[in-house]
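Below you'll find the structure, written out as structure tokens, and then a few comments.
First listed ligand is number 1; within each ligand, the first listed atom is number 1. This chain uses plain numbering: 1 for the first residue, then up along the sequence.
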Amino acid sequence: MRKPFIAGNWKMNMTHLEAIKFLQDLGYSYENKTGCEVAVCPPPTALRSVKVILEDDDMDIRLGAQNMHFEKSGAYTGEVSPDMLKALGVEYIIIGHSERRQYFAETNEIVNKKVRAAFENDLKPIMCIGESLEIRESGKAVEFVLDQLINCLEGISGKDIMRLTIAYEPIWAIGTGRTATSEDANDMCSAIRKKLVSLYSEEIANIARIQYGGSVKPSNISELMGMSDIDGALVGGASLKVDDFIALINY
Ligand code: 13P
């Protein structure tokens, strides 16, 4: 019922020229045997080039961005608005990634404003939540992540939740090579879905997609994708290598 969704978060990697080369290389051997939905989320400077190649080569890959401001326009030097992304053909927007929370002081309140702005501008948010190692070791991970969920979704309607992707990304698993076990990852994704049932309804909770992110690679993707509540992956490092990215899509 939920279409699996594999998205590559390129983070601050690749100039637009490198992005063009990457997509050309990807195009040579691209295949999607699983029929999952695929997205790439390049840095803002590469969005236009990536969009043009995806269209020209007729590749069924969606375009995502990694961040945006919640205001429509105005005196916010250095920021990018939802409108600007929309005009570039962006469909998905990663919101509240732990790196933005950690290095750019994004709070649940800001994440909530951005999620609202995304829906208002017809962008589909990939909303990230996840706990630190300290919180995991204190045994309070579920409580912490559900609190993030509740706060980030404040005032969001059930209709919008059906277009939402939630990415559960434990911070201690990001870029460390240390993946959560599939059982632990699935337990958290199940807890998130249960919370969506209580906040919205069973029907809505069953439509919302929940990705896992954190050191996902070709060797662990199939096990993760085999879990009941994991509907996809948000991938950093491995999405930057053509062969690995194709292997992930064909989990
Ligand atoms: P890695 O796959 O490099 O661990 O990054 C995960 C991530 O942060 C995706 O958003």
Side-chain angles (χ1 to χ4, degrees), residues 4-14 18-19 22 26 36-44 46-47 50 61-68 85 90-104 106 111 114-115 118 123-133 135-136 141 144-145 148-149 152 164-182 184-186 188-189 192 209-225 227 230-251:
F5 181 24
I6 309 282
N9 173 10
W10 293 4
K11 307 193 178 183
M12 198 174 71
N13 293 293
M14 293 214 246
E18 289 163 338
F22 177 88
L26 186 69
C36 67
E37 191 166 338
V38 180
V40 288
C41 307
L47 286 169
V50 168
I61 296 181
R62 315 299 170 91
L63 186 64
Q66 301 171 19
N67 180 40
M68 65 172 195
L85 295 177
V90 168
E91 182 175 344
Y92 285 99
I93 175 77
I94 298 174
I95 296 178
H97 192 280
S98 61
E99 286 148 17
R100 296 220 48 92
R101 292 173 186 262
Q102 188 179 350
Y103 305 127
F104 303 97
E106 278 195 14
V111 172
K114 291 187 176 189
V115 171
L123 290 163
K124 298 176 189 158
I126 301 175
M127 189 186 85
C128 303
I129 48 181
E131 81 286 0
S132 65
L133 185 58
I135 294 170
R136 161 90 18 193
F144 178 85
V145 169
Q148 280 186 320
L149 180 77
C152 293
L164 175 73
T165 300
I166 294 168
Y168 166 57
E169 298 205 311
I171 298 170
W172 47 271
I174 295 177
T176 56
R178 189 176 159 186
T179 325
T181 64
S182 346
D184 282 350
N186 194 54
M188 186 64 87
C189 294
I192 291 169
R209 288 188 293 196
I210 307 177
Q211 296 175 317
Y212 166 78
S215 297
V216 175
K217 38 193 183 261
S219 60
N220 59 23
I221 182 100
S222 51
E223 194 179 321
L224 287 161
M225 293 302 287
M227 305 308 287
I230 299 179
D231 307 315
L234 184 57
V235 188
S239 75
L240 297 169
K241 296 177 205 134
V242 168
D243 292 348
D244 282 0
F245 193 49
I246 292 175
L248 291 171
I249 294 160
N250 294 287
Y251 61 88

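Taking every heavy atom of Gly214 and a limit of under 4.0 angstrom, the matching atoms of ligand 1 come to 4 (O), 6 (C).
At least one N or O atom of Gly175, backbone or side chain, sits closer than 3.5 Å to an N or O atom of ligand 1. Note: an N/O pair closer than 3.5 Å links Gly236 and ligand 1 by distance alone. For the pair Thr176 and ligand 1, the shortest N or O to N or O distance does not fall below 3.5 Å. Any N or O atom pair closer than 3.5 Å counts here, and Gly213 shares no such pair with ligand 1.
Contacts with ligand 1 closer than 4.0 Å are made by side-chain heavy atoms of Asn9 only, the backbone lying farther away.
Exactly one residue among Asp231, Leu149, Leu234 makes a side chain to side chain contact (heavy atoms under 4.5 Å, CB included) with Ile166. That residue is Leu149.
Once rounded to the nearest 0.5 Å, the distance linking CD1 of Ile61 with CD1 of Ile249 reads 5.5 Å.
Side chains of His97 and Glu169: a donor on one and an acceptor on the other come within 3.5 Å. Side-chain contact annotation: Tyr251 with Glu223, donor-acceptor N/O pair under 3.5 Å absent.
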Next on the checklist: Under the criterion side chain to side chain contact (heavy atoms under 4.5 Å, CB included), I'd like the reasoning laid out for Leu240 against Lys11: C-alpha separation, chi angles, the key distance, then a yes or no.
Outcome noted: CA-CA 10 Å; Leu240 297 169; Lys11 307 193 178 183; over 6 Å; no
Next on the checklist: Go through it in stages, so that I can follow the logic: the residues are Phe104 and Glu99, the test is side chain to side chain contact (heavy atoms under 4.5 Å, CB included), and I'd like the CA-CA distance, side-chain angles, deciding distance and then a yes or no.
Outcome noted: CA-CA 8 Å; Phe104 303 97; Glu99 286 148 17; 5.9 Å; no
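The backbone N or O of Ile171 sits nowhere less than 3.5 Å from a side-chain atom of Ser132 that would complete a donor-acceptor pair.
In this structure, atom 9 (C) of ligand 1 lies nearest to the protein heavy atom Glu169 OE2, 2.9 Å. Annotation: atom 3 (O) of ligand 1 to nearest protein heavy atom, Gly237 N, 2.8 Å. For atom 5 (O) of ligand 1, the closest non-hydrogen atom of the protein is Lys11 NZ, 3.3 Å.
At least one heavy atom of Ala173 lies less than 4.0 angstrom from ligand 1. Using 4.0 Å as the threshold, Ser215 has a heavy atom nearer than that to some atom of ligand 1.
Taking the six-membered ring for Trp and thresholds of 30 and 60 degrees, Phe5 and Tyr92 have ring planes inclined between 30 and 60 degrees apart.
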